[in-house]
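When reading the values below, keep in mind they use all heavy atoms of this one structure, side chains included, and skip hydrogens, waters and symmetry mates.
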Amino acid sequence: MNGNTQVADMTAMEMLRAFRRKDLSPVEAAEACLARIETYNPMVNAFCLVDPDATLQAARESEARWQKGAPLGRVDGVPTAIKDVFMARGWFNRKGSHVISDDPATDDAPAIAALRREGFVPVGKVTTPEFGWKGITDSPLCGITRNPWDPDKTPGGSSGGSSAAVALGMAPLSLGTDAGGSIRIPAGFTGIYGLKPTQGRCPIWPQSPFGALAHPGPMTWTVEDSALLMNCIASPDPHDTTLPETCEDYLVGLYGGVAGLRIAYSPNFGYINVDPEIAESVRRAVGMFEEMGAIVEEIDPGFSDPLDAFGVLFYGGAANAMRDLSAEQRAQMDPGLVEVAAWAEKLSLLDYLGAQNERAALIEHMNLFHSRYDLLLNPALPIPAFKAGLEVPEGWHNPRWPSWTPFTYPFNMTGQPSASVPCGFTSAGLPIGLQVTGGRHRDALVLRASHAYQAVSPLTDRRPTPNA
């Protein structure tokens, strides 16, 4: 397949401006992304479904609208990758599992329906671990997804296919989900931007087995593109317990800077061991916030590690997802997923309610914390990407993935908006992420601060260039 592959490095906003000037057509954009997929997907295994006929048909329809000067919506013609947990009409929704049918979906998930109304061009579905259950991306159905900066390493997960696709220019926009860090982990490991919005801001249907821990959100090369995508998907839906409609335009509020903001900086939450290179890179990034006029105080958020309560809630969700599956079906599944579900099946109702009590206390604690501080900055991850195909690094002290992502899951429990923005590289050339967290419903502020940092960061144009 041919196509101007340099076009694939354009952001969604750059593409839209080029469509408007008639310097670029949606068909050319789609062809460029499909060419990138053809080149790089055999190396990183980001896509589990590519449908060039459907993609190019949608691009031709968009091109006709642009030629008439009547684009359908805010992302008309922009190639977009869809994590294989979102229903997309006409394509399967297998969630990385042999036990789910490959029959095409007859409905769209709310986020996909919203993007269709806005004219997007779907380029395919991207990989996830089975049921999106872990912080790396491999599954019995699709195999191992790899990091575009070093294919021997994991891209993280569970939205690892989304992050690898965006990093390599396979699509400028992608949708992810995050129930314990599954947007921010792969964003941090692959050097892209990923936002977990406030819980309920963006609809997720069918309902995630991980309940209120789960958040859909944007994964993009730039903060600006994530704000654009939020404008499309952050709206209520009758299928879901979403928040009421707002008049928020995430692009309009993006450029206000950080001067005068009260920002808390916690290097390690008071209990996390952080790789020295990551710690130093994050510290430099925090210094740039001070240079931009923010009032920064080094202080820990003041809670103890909620890992045990998170495990009850999250693995309880895994058990719920598998409640009707037979022993024969479980034998086809990821052994790790089967193990955590079996563990959770032994929990009592009081165990679950106790974890909910801890979650409620953490929400209250962070609400009070953000009455004093507008934002909290810290590393997105305490370690760099490790060997692909492993749930935890070799020789790690704990067999389960949440043990190496302690900065992310607390904010799934609280439902706060939290993002990973690229802030550096290790000496081995692996990306480092800065986590930016705001109080509940302060999504626009998280985007604004992320954009202010990205605007002065030298990292925005540095793409991975793996040997195809």
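For Asp84 (side chain) and Lys95 (main-chain N/O), a donor-acceptor pair under 3.5 Å exists by modelled atom type. Without hydrogens or angle criteria, Trp149 side chain to Thr190 main chain gives a donor-acceptor distance under 3.5 Å. A donor-acceptor pair under 3.5 Å links the side-chain atoms of Asn147 to the main chain of Thr154, judged by distance alone. Judged purely by atom type and a 3.5 angstrom limit, Arg463 uses its side chain to pair as donor or acceptor with the backbone of Asp9. At least one donor-acceptor pair closer than 3.5 Å links the side chain of Ser281 to the backbone N or O of Cys423. With hydrogens and angles ignored, the 3.5 Å screen pairs no side-chain donor or acceptor of Asn378 with any backbone N or O of Ser266. When atom types are taken as modelled, the side chain of Glu364 and the backbone of Ala361 share no donor-acceptor pair closer than 3.5 angstrom.
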Exercise for the section: Evaluate the criterion side chain to side chain contact (heavy atoms under 4.5 Å, CB included) for residue pair Met366 and Phe303; output intermediate values, then yes/no. Expected result: CA-CA 9 Å; Met366 289 309 297; Phe303 55 75; 3.7 Å; yes
*Take Val312 and Glu358 through the test side chain to side chain contact (heavy atoms under 4.5 Å, CB included) and record every step on the way to the result.*
CA-CA 11 Å; Val312 170; Glu358 187 167 340; over 6 Å; no
Criterion side chain to side chain contact (heavy atoms under 4.5 Å, CB included) on Ser174 and Val126, from CA distance to verdict
CA-CA 9 Å; Ser174 189; Val126 284; 4.3 Å; yes
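Proximity of the aromatic rings of Phe386 and Trp396 is defined here by a centroid distance below 6.0 angstrom, and this criterion is not met. Between Phe210 and Phe131, the distance separating the two ring centers is not shorter than 6.0 angstrom.
Under 3.5 Å, the side chains of Ser159 and Lys83 contain a donor-acceptor pair of N or O atoms. Between the side chains of Glu224 and Thr222, no donor-acceptor pair of N or O atoms lies under 3.5 Å. A donor-acceptor pair shorter than 3.5 Å cannot be found between the side chains of Glu130 and Ser139.
Electrostatic pairing of Lys125 and Asp51 does not count as a salt bridge here, judged by no charged N lying under 4.0 Å from a carboxylate O. A salt bridge links Lys387 to Asp152: at least one charged side-chain nitrogen sits closer than 4.0 Å to a carboxylate oxygen.
Residue Arg372 qualifies as enclosed at atom CZ: its count of foreign heavy atoms under 6.0 Å is above 12. In Gln332, the CD atom is crowded: over 12 heavy atoms of neighbouring residues, nucleotides or ligands sit closer than 6.0 Å. No more than 12 heavy atoms of other residues, nucleotides or ligands lie within 6.0 Å of CZ in Arg442, so this atom counts as exposed by the packing criterion.
Scanning both residues, Ala8 and Arg36, for their nearest heavy atoms gives CB-CG, 3.4 Å. What you find for Leu313 and Met413 is that their closest heavy atoms are CD1-CE, 4.3 Å. Contact detail for Gly180 and Asp178: the closest heavy-atom pair is N-OD1, 3.4 Å. Of all heavy-atom pairs spanning Leu325 and Val99, the tightest one is CD1-CG2, 4.2 Å. Smallest separation of non-hydrogen atoms from Ala105 and Met87: CB-CB, 4.3 Å. The two residues Met219 and Val166 come nearest to each other via the heavy atoms O-CG2, 3.5 Å.
Ring geometry for Trp401 against Phe310 counts as perpendicular: the plane angle is over 60°, on a 0 to 90° scale with 30° as the lower cut.
With Phe92 as reference, Leu49 is the one residue of Leu49, Ile100, Asp103 to meet the side chain to side chain contact (heavy atoms under 4.5 Å, CB included) rule. Shown are Ser226, Ser420, Ser450; of these, the side chain to side chain donor-acceptor pair (under 3.5 Å) with Tyr193 is made only by Ser450.
With a 4.5 Å cut-off on side-chain heavy atoms, Ile82 and Phe120 count as touching. By the 4.5 Å heavy-atom criterion applied to side chains, Leu56 and Leu34 are counted as neighbours.
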Quick one: side chains of residues 334-342, donor-acceptor pairs under 3.5 Å with protein atoms, not counting sequence neighbours, listed by atom name and distance.
residue : atom : partner : partner atom : Å
Asp334  : OD1  : Gly336  : N            : 2.9
Asp334  : OD2  : Trp133  : NE1          : 3.1
Asp334  : OD2  : Lys134  : NZ           : 2.8
Glu339  : OE1  : Arg400  : NH1          : 3.1

